[in-house]
Amino acid sequence: MSAQVTDIPPAQAQSTKAGNLRRRLPGSLVWHIGSLAILAVILYPVIWVIGGSFKKSDDIIGSLDLFPSSPITSNYTGLAEGIADISISTFFLNSLFLAVGSVVGILISCSLTAYAFAKIKFAGRNLLFTLMIGTLLLPYHVLLIPQYVLFRNMNMINTYTPLLLGKYLAIEAFFVFLMVQFMRNLPKELDEAARLDGCGHLRIYWSIVLPLSRPALITSAIFTFINSWNDFMGPLIYLNEPDKYTVSLGLKMFVDQEGLANYGGMIAMSLVALLPVLAFFLAFQRYLIDGMATSGLKG
């Protein structure tokens, strides 16, 4: 028995499509309106900050206008004059020094520690790894006073050492855990082949594991750079001289001892301070996406 094929007239097909569009239109309209409303709520603070950077300080507080009717650029040009006879570039160079130093320390110390946990079998490995992960449960403020007393007794206050030393001792358990999970997924055959060729752990780590772990390393570098650049509590505790302040502390200097604040300059500098972080993220975002995409692959 041959199957009978029924041709749908073009007018009927067009009518069916029109009916489907009419049924979908209300739901699609509600979805788009809701998405635009959520987007407006998310972007409102950003738009307000951008508009506030072109306002006078007296017009920022209490004003409901997102953008001023008469924009000014003195908030940005005034940054060239510095704050309290200190150049703005000083704050940026200090923050850049800490951020780059933190990234280097994290990549070296955490990758070495992660390799030991992932590739080397030794007594107590699982216990030590569990204890390291347990340190994530310790609040930062619990350790703040003991660390400050320790560095004060070592005469390291008002230096960058307390802010960088821990980065070279693999105290960031999250990044160690991230690298360990990535290295465990690497094919074991590569390690075995390298050992047959006479390679030791250091050669395997440097020539095989480290290049293959580039997505995890760059992911750790991005988060470390952002966290160090935006850190406020650490520099506030350990740095005393204004010429050693970072960008986050430099923003605090826009408020003088009498409580008078230059809100326009503060907002302008906060926007300028976002540029290095944004540039760093855009430069390595492709590797960040690769790291997230390949973290679940099994070797």
| request: Could you walk me through whether Y263 and N75 pass the side chain to side chain donor-acceptor pair (under 3.5 Å) test, one step at a time? | output: CA-CA 9 Å; Y263 293 111; N75 293 328; over 6 Å; no
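With T159 contributing its side chain and M156 its backbone, the two residues share a donor-acceptor pair below 3.5 Å. D59 places no side-chain N or O within donor-acceptor distance of the main-chain N or O of K55, the cut-off being under 3.5 Å. Judged by distance alone, the side chain of S213 and the main-chain N or O of V209 form a donor-acceptor pair under 3.5 Å. Looking only at distances, a side-chain donor or acceptor of N94 sits under 3.5 Å from a matching main-chain atom of T90. Distance alone, capped at 3.5 Å, is enough to place a donor-acceptor pair between the T135 side chain and the M132 backbone. A donor-acceptor contact shorter than 3.5 Å is absent between the side chain of T224 and the backbone of A221. Checking side-chain atoms of S248 against main-chain N and O of D231 turns up a donor-acceptor pair under 3.5 Å. Of the possible donor and acceptor atoms, none in the side chain of N240 sits under 3.5 Å from a partner among the backbone N and O of N158. Between the side chain of S57 and the backbone N or O of G264, at least one donor-acceptor pair lies under 3.5 Å. Of the possible donor and acceptor atoms, none in the side chain of S95 sits under 3.5 Å from a partner among the backbone N and O of F92.
Of the residues listed (I208, L212, D191), the one engaging L186 in a side chain to side chain contact (heavy atoms under 4.5 Å, CB included) is L212, and it is the only one.
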Throw together a table of side-chain donor-acceptor distances under 3.5 angstrom for residues 269-281, partners on residues two or more places apart or in other chains.
unit_1	atom_1	unit_2	atom_2	d
S270	OG	M266	O	3.4
S270	OG	I267	O	2.6

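Within the 4.5 Å cutoff, side-chain heavy atoms of M253 are placed close to those of P242. Taking 4.5 Å as the limit, every side-chain heavy atom of L107 sits out of range of all side-chain heavy atoms of F175. Side-chain contact check for R195 versus R203: every heavy-atom pair is 4.5 Å or farther apart.
Partners of Y168 according to the ring-ring contact (aromatic ring centres under 6.0 Å, His included) rule, which considers only residues two or more places apart in sequence or in another chain, do not exist here. Among residues two or more places apart in sequence or in another chain, the side chain to side chain contact (heavy atoms under 4.5 Å, CB included) test is passed with L66 by Y44, I47, W48.
If you look at F151 and Y238, their ring centroids are closer than 6.0 Å.
Rounding to the nearest 0.5 Å gives a distance of 9.5 Å between CG of D197 and CD1 of I204.
In summary, the side chains of Y205 and S111 do present a donor paired with an acceptor at a separation below 3.5 Å, with no hydrogens or angles considered.
In this structure, R184 fails the cation-pi test against Y115, since its NZ or CZ atom is not both closer than 6.0 Å to the six-membered ring centre and inside 45 degrees of the ring normal.
When the shell of 6.0 Å around CD of E241 is examined, it contains more than 12 heavy atoms from other residues, nucleotides or ligands. More than 12 heavy-atom neighbours from other residues, nucleotides or ligands sit within 6.0 angstrom of NZ on K244.
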